[in-house]
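Not measured: the values here are computed from a predicted model. One-based numbering, in listed order, for ligands and for the atoms of each. Only this structure's heavy atoms are used, side chains among them; waters, hydrogens and symmetry mates stay out.
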Amino acid sequence: MNFQKICVIGLGYIGLPTASTFAAHGVNVLGVDINSHIIETINQGKIHIHEPGLLAEVQKAVQSGNFKASTKPEEADAFIIAVPTPFQENQFGEYNGVAYKLADMSAVTSAAESIVPFLRKGNLVVLESTSPPRTTVDLVAPILARSGLEAGRDFHLAYSPERVLPGQIMRELTENARVIGGVTTESAQAGSDLYATFVKGQIIQTDATTAEMVKLMENTYRDVNIAVANEFSRLADRFGVDVWEAISIANLHPRVKILSPGPGVGGHCISVDPWFFVEAAPDLTPLIYHARKVNDTQPHFVVKLVHRALGSLNEKKIAVLGLAYKPDVDDLRESPANEVVQILQHEGAQVKAWEPFKPDANLPGIDMASSLEDTIKDADAIVLLVKHAEFSKIDPLEFAQKTSARIVIDSVNGWNDKVWKKAGFTIFHLGNNKSSTQNRKSEITN
Ligand code: SAJ
């Protein structure tokens with residue numbers, strides 16, 4: 001198929017890089033978003049998110065005239081849906097007395113509905129949003145059928161998940177392997193022709209539901225593996241072991257690759273996607289469910305460590321370093337750091353937070369500091385929640401001059417205990433209870 005004009009619906013972390021990359025490869029792209037502020041920003045050649053390399057790509061695309069943004073779709077050769085699929089805030093499913101989270105598919109539904117008036121014979125529609133199994137055939141195809149056209153007969157319909165890592169999106173978008181699942185083999189071929197515009201990695205064709213499962217399996221696999229690492233950190237704490245040392249030794253085994261424990265799993269992908277499997281088949285997913293539970297309760301484990309350091313948290317001044325969901329990104333969605341702050345405050349602590357990638361973040365109930373210095377100045381203790389490169393580089397001797405705190409709690413293995421102790425700090429390290437002389441058995445529980 002020949003694609004001269006495409007519409008990309010949803011201009012967030014995935015849609016915007018995708019749209020601008022197509023435009024940079026000579027395709028005429030209309031980017032669509034319901035947020036008019038985003039549309040204005042992009043049409044001025046600016047961006048509303050932080051992602052290395054994205055601004056330059058968007059500027060180039062807008063200046064070339066190949067990329068425009070609008071709140072409404074238009075007729076095109078292909079439509080790509082890249083809108084969010086979070087979970088519902090207040091609705092839960094139930095299986096055998098156990099509650100599980102439910103996907104909010106309203107943005108996918110609206111995006112598909114917005115295409116209906118513009119859909120023509122021979123078009124291609126691709127869903128990229130991470131979705132529960134069978135969404136393409138059971139949700140998107142019936143909505144598009146309202147146009148009077150049938151998926152697989154009159155137009156092509158495919159599912160192609162994005163698999164890029166935030167922070168490395170621009171490179172991974174072109175270099176990663178890409179899976180295209182069609183509702184027919186012709187649809188998969190059409191999708192493959194579209195992404196061949198810029199994808200240098202392998203393009204694999206399959207059916208739509210397999211492609212949906214592939215995406216969910218990748219993120220679920222990672223979630224379960226992080227959960228076991230987090231559980232190891234709790235076990236190491238109980239048995240007076242340094243989990244980081246134990247992991248590095250275990251990982252010398254040729255078939256073992258244990259991931260890193262931390263304050264929990266955040267972001268809009270790994271902490272969300274496994275629920276799509278649980279929702280779709282709660283009777284088949286006890287492991288996936290419990291892994292989610294382990295990762296979701298890890299912020300409480302961090303707070304127990306803060307308790308160990310400070311005793312009662314009532315009126316304690318705590319400086320928190322980092323609110324992003326992972327190192328060196330500005331994305332605060334589903335961040336375990338945010339959860340830790342909420343629990344600390346709930347227990348009476350006065351928390352001031354510093355997030356260098358989003359200093360002006362407006363998070364309900366969180367007191368954001370204007371600088372690192374402002375955060376740490378009068379603190380009783382400092383809690384490191386994100387391993388941003390600039391935090392790892394902190395020199396504790398210089399740091400000691402700027403803060404009244406002499407207690408630090410490292411939840412991400414960002415700091416070296418010996419160096420911090422030498423600078424006069426008492427350091428508490430998640431998953432490392434080696435120097436403790438006490439039996440912590442009764443203290444640390446799930
Ligand atoms: N984390 C740990 N320990 C680890 C690794 C990660 O606690 O050893 C935490 C991070 O701090 C973060 C969370 O897990 O809170 C997720 O971070 P991540 O880097 O593992 O993944 P994401 O969410 O940024 O991106 C994932 C990627 N999927 C996989 O690696 C299988 C990416 O390729 C996907 O495109 C993306 O989800 C997505 O959009 O689905």
Side-chain angles (χ1 to χ4, degrees), residues 10 12-18 49-52 82-87 103 128-131 159-173 175-179 201 211-234 243-244 247-248 250-251 256-277 291-292 294-299 301-302 322-340 357 384-389 391-392 411-414 430-431:
Y13 282 91
I14 299 304
L16 185 55
T18 304
I49 47 183
H50 168 88
E51 178 63 35
V83 294
T85 48
F87 43 67
E128 282 203 16
S129 313
T130 307
S131 300
Y159 179 78
S160 181
E162 57 76 17
R163 296 142 100 199
V164 288
L165 195 71
Q168 299 179 30
I169 291 180
M170 300 315 287
R171 184 177 59 75
E172 290 205 353
L173 203 55
E175 288 180 6
N176 285 4
R178 182 112 208 173
V179 55
E212 288 164 350
M213 265 200 73
V214 165
K215 169 71 193 188
L216 297 178
M217 283 162 52
E218 289 167 353
N219 281 355
T220 300
Y221 172 84
R222 194 156 169 84
D223 196 42
V224 171
N225 279 287
I226 297 170
V228 82
N230 282 334
E231 220 162 70
F232 288 156
S233 73
R234 302 175 190 187
V243 76
W244 307 96
I247 288 175
S248 68
N251 281 349
V256 173
K257 178 81 193 75
I258 300 168
L259 294 175
S260 302
V265 168
H268 49 294
C269 310
I270 297 194
S271 67
V272 177
D273 301 355
W275 288 113
F276 294 177
F277 272 146
R292 278 279 70 247
V294 169
N295 289 334
D296 272 356
T297 52
Q298 191 72 353
F301 183 56
V302 176
L323 283 177
Y325 85 93
K326 70 172 189 175
D328 301 322
V329 299
D330 72 339
D331 193 340
L332 312 187
R333 286 177 292 178
E334 311 298 332
S335 171
N338 186 351
E339 179 74 15
V340 171
F357 283 84
L384 178 64
L385 289 178
V386 185
K387 200 174 172 177
H388 289 318
F391 293 155
S392 299
S411 72
V412 289
N413 199 31
L430 181 129

What residue and heavy atom of the protein are closest to atom 21 (O) of ligand 1, and at what distance?
->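 So the nearest neighbour among protein heavy atoms is I270 CD1, 3.5 Å.
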
Out of I226, N225, T130, L173, indicate the one that has the non-hydrogen atom closest to atom 14 (O) of ligand 1.
->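 The residue whose heavy atom sits nearest atom 14 (O) of ligand 1 is I226.
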
Element-labelled atoms of ligand 1 that are located less than 4.0 Å from some non-hydrogen atom of P166 =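 The list of qualifying atoms is 24 (O), 25 (O).
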
Protein contact of atom 36 (C) of ligand 1 - nearest heavy atom, named by residue and atom, plus distance |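 The closest heavy atom on the protein side is C269 SG, 3.5 Å.
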
Could you pull out, from N176, I14, V164, the option with a heavy atom nearest to atom 32 (C) of ligand 1?
->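 Comparing heavy atoms across N176, I14, V164, the nearest one to atom 32 (C) of ligand 1 lies in V164.
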
Derivation and outcome, side chain to side chain contact (heavy atoms under 4.5 Å, CB included), residues V412 and F391 = CA-CA 11 Å; V412 289; F391 293 155; over 6 Å; no

Could you check atom 20 (O) of ligand 1 against the protein and tell me its nearest heavy-atom contact, residue, atom and distance included?
->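 Checking every protein heavy atom, the shortest distance to atom 20 (O) of ligand 1 gives R222 NE, 2.5 Å.
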
Return the residue, atom name and 0.1 Å-rounded distance of the protein heavy atom closest to atom 19 (O) of ligand 1.
->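 Checked against all protein heavy atoms, atom 19 (O) of ligand 1 sits closest to K326 NZ, 3.0 Å.
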
What residue and heavy atom of the protein are closest to atom 15 (O) of ligand 1, and at what distance?
->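 The closest heavy atom on the protein side is Y325 O, 2.7 Å.
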
Using the side chain to side chain contact (heavy atoms under 4.5 Å, CB included) rule, take I14 and H268 through it: C-alpha gap first, then chi angles, then the decisive distance, then the call.
-> CA-CA 12 Å; I14 299 304; H268 49 294; 5.7 Å; no

Who's closest to atom 16 (C) of ligand 1 heavy-atom-wise, of A227, S335, G266?
->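 The residue whose heavy atom sits nearest atom 16 (C) of ligand 1 is G266.
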
K215: heavy atom below 4.0 Å from ligand 1, yes or no?
->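 Yes, that is the case, since the closest heavy atom of the residue is under 4.0 Å from the ligand.
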
Can you tell me which residue and heavy atom of the protein come closest to atom 31 (C) of ligand 1, and the distance to 0.1 Å?
->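 In this structure, atom 31 (C) of ligand 1 has N219 OD1, 3.2 Å as its nearest protein heavy atom.
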
Going through the distances and angles, do T130 and E162 end up as a side chain to side chain contact (heavy atoms under 4.5 Å, CB included)?
-> CA-CA 8 Å; T130 307; E162 57 76 17; 4.3 Å; yes

Can you say whether the rings of F357 and H50 are parallel (under 30°), tilted (30 to 60°) or perpendicular (over 60°)?
->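 Correct class here is perpendicular.
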
Please state which protein non-hydrogen atom is closest to atom 8 (O) of ligand 1 and give its distance, to 0.1 Å?
->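 Result for atom 8 (O) of ligand 1: S260 N, 2.9 Å.
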
